[in-house]
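A short write-up of the structure that comes next.
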Amino acid sequence: MQATKRSADESAGAMTQTSWGSLTWVASRELTGSDLTLGRVVIRQGSQNPRHCHDRCEEVLYLLRGRLRHTVGDDAVDMCAGDSIAIPKGVMHNAINIGDEPAEMIVAFSSGE
């Protein structure tokens, strides 16, 4: 098996800007041949990403900085830097930045797609 390295420049070139922040995918089946997906997400102060679910995989989010209110199903969980949350397959969720700075997180999915 051969490791696949992506440079910081390659990852930066894969950043997608949205109305609420940005997504940078650093590993996936398409990018690295991985059976996992890994990315960096930034949600602007006062913004939120769309409510959504992942039907084919679980998601784990690790908050690097900022504060979020993460809605998972009918529940809401407030998060601060260093907190993590695991979201089961098929459960609707989204994150709302409730802090006074951009919220930056690492997200991992149990599928490379």
Side-chain angles (χ1 to χ4, degrees):
M1 177 180 179
Q2 186 174 354
T4 302
K5 176 192 176 280
R6 279 179 55 87
S7 70
D9 288 341
E10 288 173 307
S11 293
M15 179 188 291
T16 301
Q17 294 290 336
T18 70
S19 60
W20 50 266
S22 64
L23 301 161
T24 305
W25 300 114
V26 297
S28 68
R29 190 164 292 127
E30 179 182 335
L31 296 172
T32 60
S34 176
D35 287 335
L36 301 172
T37 299
L38 183 69
R40 176 178 173 263
V41 178
V42 177
I43 298 180
R44 291 185 182 98
Q45 181 181 355
S47 294
Q48 62 184 314
N49 65 339
R51 196 154 167 82
H52 63 285
C53 71
H54 308 281
D55 291 327
R56 296 184 302 190
C57 62
E58 296 174 80
E59 177 180 354
V60 174
L61 178 151
Y62 176 71
L63 189 57
L64 297 168
R65 72 178 175 124
R67 292 183 57 230
L68 291 176
R69 177 162 295 131
H70 209 101
T71 62
V72 181
D74 293 330
D75 298 324
V77 177
D78 287 355
M79 301 176 67
C80 61
D83 290 347
S84 61
I85 189 169
I87 301 160
K89 181 181 350 181
V91 175
M92 295 295 290
H93 63 280
N94 77 312
I96 305 160
N97 184 333
I98 59 171
D100 56 4
E101 65 179 329
E104 181 178 355
M105 66 207 84
I106 300 296
V107 294
F109 301 94
S110 61
S111 168
E113 297 176 22

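Everything quoted here is computed from the prediction, not taken from an experiment.
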- Determine whether Asn49 and Val41 make a side-chain contact, defined as any pair of heavy atoms from C-beta on separated by less than 4.5 Å. no
How about CD on Glu30, more than 12 heavy atoms from neighbouring residues, nucleotides or ligands closer than 6.0 Å, or not?
no
Paired with Ile98, the side-chain contact (heavy atoms from CB on, under 4.5 Å) test is passed by just one of Arg69, Gln45, Gln48, Met79, namely Arg69
Exercise. Hey, any chance Ile43 and Val77 share a hydrophobic cluster, counting ILVMFWY side chains that come within less than 4.5 Å of each other, even indirectly?
Worked result: yes
Rounding to 0.5 Å, atoms CG (Asp78) and CZ (Arg67) come to a distance of 6.5 Å
Heavy-atom closest pair (Ala103 atom, Leu68 atom, distance to 0.1 Å) is CB-CD2, 3.6 Å
On a heavy-atom basis, the closest approach of Arg65 and Ala81 is CA-CB, 3.8 Å
side-chain contact (heavy atoms from CB on, under 4.5 Å) test vs Ile87 passes for just one of His70, His54, Glu58, namely His70
d(Leu61 CG, Ile106 CD1) to nearest 0.5 Å is 9.0 Å
Quiz item: Is the backbone of Ala76 close enough, under 3.5 Å, to the side chain of Thr71 for a donor and an acceptor to pair up by distance?
Solution: no
> Below 4.0 angstrom, N of the basic side chain to O of the carboxylate: do Asp35 and Arg29 qualify?
Replying inline: yes
CG of Leu64 to CG of Asp83, rounded to nearest 0.5 Å, is 11.5 Å
Stepwise side-chain contact (heavy atoms from CB on, under 4.5 Å) check, Lys5 with Glu10: CA-CA 10 Å; Lys5 176 192 176 280; Glu10 288 173 307; 5.8 Å; no
Sequence neighbours excluded, the answer for side-chain contact (heavy atoms from CB on, under 4.5 Å) partners of Leu31 is Arg6, Trp25, Ser28
Rounding to 0.5 Å, atoms OG (Ser22) and CZ (Arg44) come to a distance of 7.0 Å
Between the CG atom in Leu36 and the OG atom in Ser111, the distance rounded to the nearest 0.5 Å is 8.5 Å
Interatomic distance, OH@Tyr62 vs CD1@Ile85, rounded to 0.5 Å, equals 14.5 Å
Applying a strict under-4.5 Å side-chain criterion to I, L, V, M, F, W and Y, I'd like to know whether Met105 and Val26 cluster together. no
The test is side-chain contact (heavy atoms from CB on, under 4.5 Å); show your working for Val107 and Glu59 and say whether it passes. CA-CA 7 Å; Val107 294; Glu59 177 180 354; 3.6 Å; yes
Should Phe109 and Val42 be counted in the same cluster of Ile, Leu, Val, Met, Phe, Trp and Tyr side chains packed under 4.5 Å apart? no
Closest non-hydrogen contact found for Ser11 with Thr24 is O-CG2, 3.1 Å
Are more than 12 heavy atoms, taken from residues, nucleotides or ligands other than Arg56, located less than 6.0 Å from that residue's CZ atom?
no
Query raised in the report: If you group Ile, Leu, Val, Met, Phe, Trp and Tyr by side-chain heavy-atom gaps below 4.5 Å, do Ile96 and Val91 land in one group?
Result: no
